[in-house]
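Here the structure comes first, spelled out in structure tokens, and everything after it is commentary.
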Amino acid sequence: GYQLVTIKCSAQLNANQVLHILKQNCLVVSGIRGKEYKPKQSRLVLFMKNIDLCPIDSWGKKNILLCYFVHILIDEFFLIGTSEVIELLLQIINRSGFYSENLEWISVKGLQICGTLTHLSNQTLSTRFLSKCNILLTSYPNESDMQNIILSFLSSTFNKINNSSNNKEKICEVLLDIFNETKRNF
């Protein structure tokens with residue numbers, strides 16, 4: 001089995017919070033090769049929701065942890081800045097581990113990192129990070145697809161109350177109208 005852990009990214013998220021969540025959901029094992037984080041189940045899926053909202057560090061920021069930026073290209077750092085969260089994830093992806101605050105190497109096994117973007121064209125993520133990602137771009141569902149989605153979600157409720165198919169369609173249309181009106185206004 002696997003365990004899914006969702007991290008809702010925002011401007012307040014930092015690498016220490018990601019490491020804390022990782023430590024909470026893994027077993028810390030010490031061995032010949034040093035410390036290792038292993039998932040409590042066979043695999044840990046770290047789902048980073050809206051990963052492009054992670055804060056970008058500016059050139060002169062004083063509280064950057066050097067250990068997360070070992071592999072940054074200097075020119076990329078000065079041109080667009082970088083995110084300590086993204087660099088930590090990149091280090092885990094590339095090296096299967098990370099350096100702790102006391103510069104001790106910690107290996108990570110059985111971790112899969114997934115994420116969503118608010119919009120790909122914002123280009124706030126480094127190209128080095130994006131080059132390591134498999135990107136799946138989906139469009140918004142059309143009206144017919146939305147009706148099928150709503151009917152699918154409500155099918156168990158409809159079955160419990162033995163509602164006629166005519167009422168199902170009307171309820172679905174009303175919910176779809178509410179959704180479209182909300183989307184237009186907000």
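Residue numbers start at 1 and run along the sequence shown.
Side-chain atoms of Ser152 never come within 3.5 Å of backbone atoms of Asn148 as a donor-acceptor pair (strictly under, hydrogens ignored).
Note on Val174: it does not cluster hydrophobically with Met146, by side-chain heavy-atom contacts below 4.5 Å among ILVMFWY residues. No single ILVMFWY cluster, assembled from side-chain heavy atoms under 4.5 Å apart, contains both Phe98 and Val29. Connection of Leu22 to Val28 is established within a shared hydrophobic cluster, with ILVMFWY side chains joined at heavy-atom distances below 4.5 Å, either directly or through further cluster members. Hydrophobic clustering (ILVMFWY, side-chain heavy atoms < 4.5 Å, transitive): Val18 and Leu90 are in one cluster. In the hydrophobic clustering of this structure, Ile21 groups with Ile86; members are Ile, Leu, Val, Met, Phe, Trp, Tyr whose side-chain heavy atoms approach within less than 4.5 Å, directly or through other members.
A salt bridge links Lys38 with Glu36; the closest basic N to acidic carboxylate O contact falls under 4.0 Å. In summary, Glu173 and Lys168 do not engage in a salt bridge, as defined by a charged side-chain N under 4.0 Å from a carboxylate O. Salt-bridge formation is detected for the pair Arg184/Glu181: a Lys NZ or Arg NE/NH1/NH2 atom is positioned less than 4.0 Å from an Asp or Glu carboxylate oxygen.
With contacts defined as side-chain heavy-atom distances shorter than 4.5 Å, the pair Leu44/Cys26 qualifies. In this structure, Thr116 and Phe47 have side chains that are in contact, with non-hydrogen atoms separated by less than 4.5 Å. By the 4.5 Å heavy-atom criterion applied to side chains, Tyr99 and Gln91 are counted as neighbours. In this structure, Val45 and Cys114 have side chains that are in contact, with non-hydrogen atoms separated by less than 4.5 Å. No side-chain heavy atom of Ile150 sits less than 4.5 Å from a side-chain heavy atom of Ile171. A heavy-atom distance below 4.5 Å is not found between the side chains of Lys35 and Ser100.
The line from CG of Asn25 to NE2 of His20 is 9.5 Å long, rounded to the nearest 0.5 Å. Atoms CD1 and CD1, on Ile7 and Ile51 in that order, are 9.0 Å from each other to the nearest 0.5 Å. The line from CD1 of Ile106 to OH of Tyr37 is 4.5 Å long, rounded to the nearest 0.5 Å. The line from CD of Gln3 to OG of Ser42 is 10.5 Å long, rounded to the nearest 0.5 Å. Ile113 contributes atom CD1, which lies 6.0 Å from atom CG of Leu46 (distance to the nearest 0.5 angstrom). Between the CG atom of Leu13 and the OG atom of Ser83 there is a distance of 8.0 Å, given to the nearest 0.5 Å.
Within 6.0 Å of the NZ atom in Lys40, the count of heavy atoms belonging to other residues, nucleotides or ligands exceeds 12. Environment of CG in Asn102: crowded, with over 12 heavy atoms of neighbouring residues, nucleotides or ligands closer than 6.0 Å.
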Between Glu84 and Asn14, does the side chain to side chain donor-acceptor pair (under 3.5 Å) criterion hold? Intermediate values first, please.
CA-CA 7 Å; Glu84 72 176 34; Asn14 63 45; 5.0 Å; no
Does the side chain to side chain contact (heavy atoms under 4.5 Å, CB included) test come out yes or no for Arg95 and Trp105, once each step is laid out?
CA-CA 10 Å; Arg95 308 283 181 166; Trp105 181 254; 3.5 Å; yes
Kindly indicate, with the supporting measurements, whether the criterion side chain to side chain contact (heavy atoms under 4.5 Å, CB included) is fulfilled by Ser107 and Ser96.
CA-CA 6 Å; Ser107 298; Ser96 298; over 6 Å; no
Are Lys132 and Asn94 close enough, and set up right, to give a side chain to side chain contact (heavy atoms under 4.5 Å, CB included), and what steps lead you there?
CA-CA 9 Å; Lys132 297 289 183 181; Asn94 286 336; 2.9 Å; yes
Derivation and outcome, side chain to side chain contact (heavy atoms under 4.5 Å, CB included), residues Glu169 and Gln147:
CA-CA 9 Å; Glu169 296 298 323; Gln147 261 188 328; 4.1 Å; yes
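In this structure, a donor-acceptor pair under 3.5 Å is absent between the side chains of Lys8 and Asn50.
Heavy-atom minimum distance, Leu89 versus Met48: CD1-CE, 4.0 Å.
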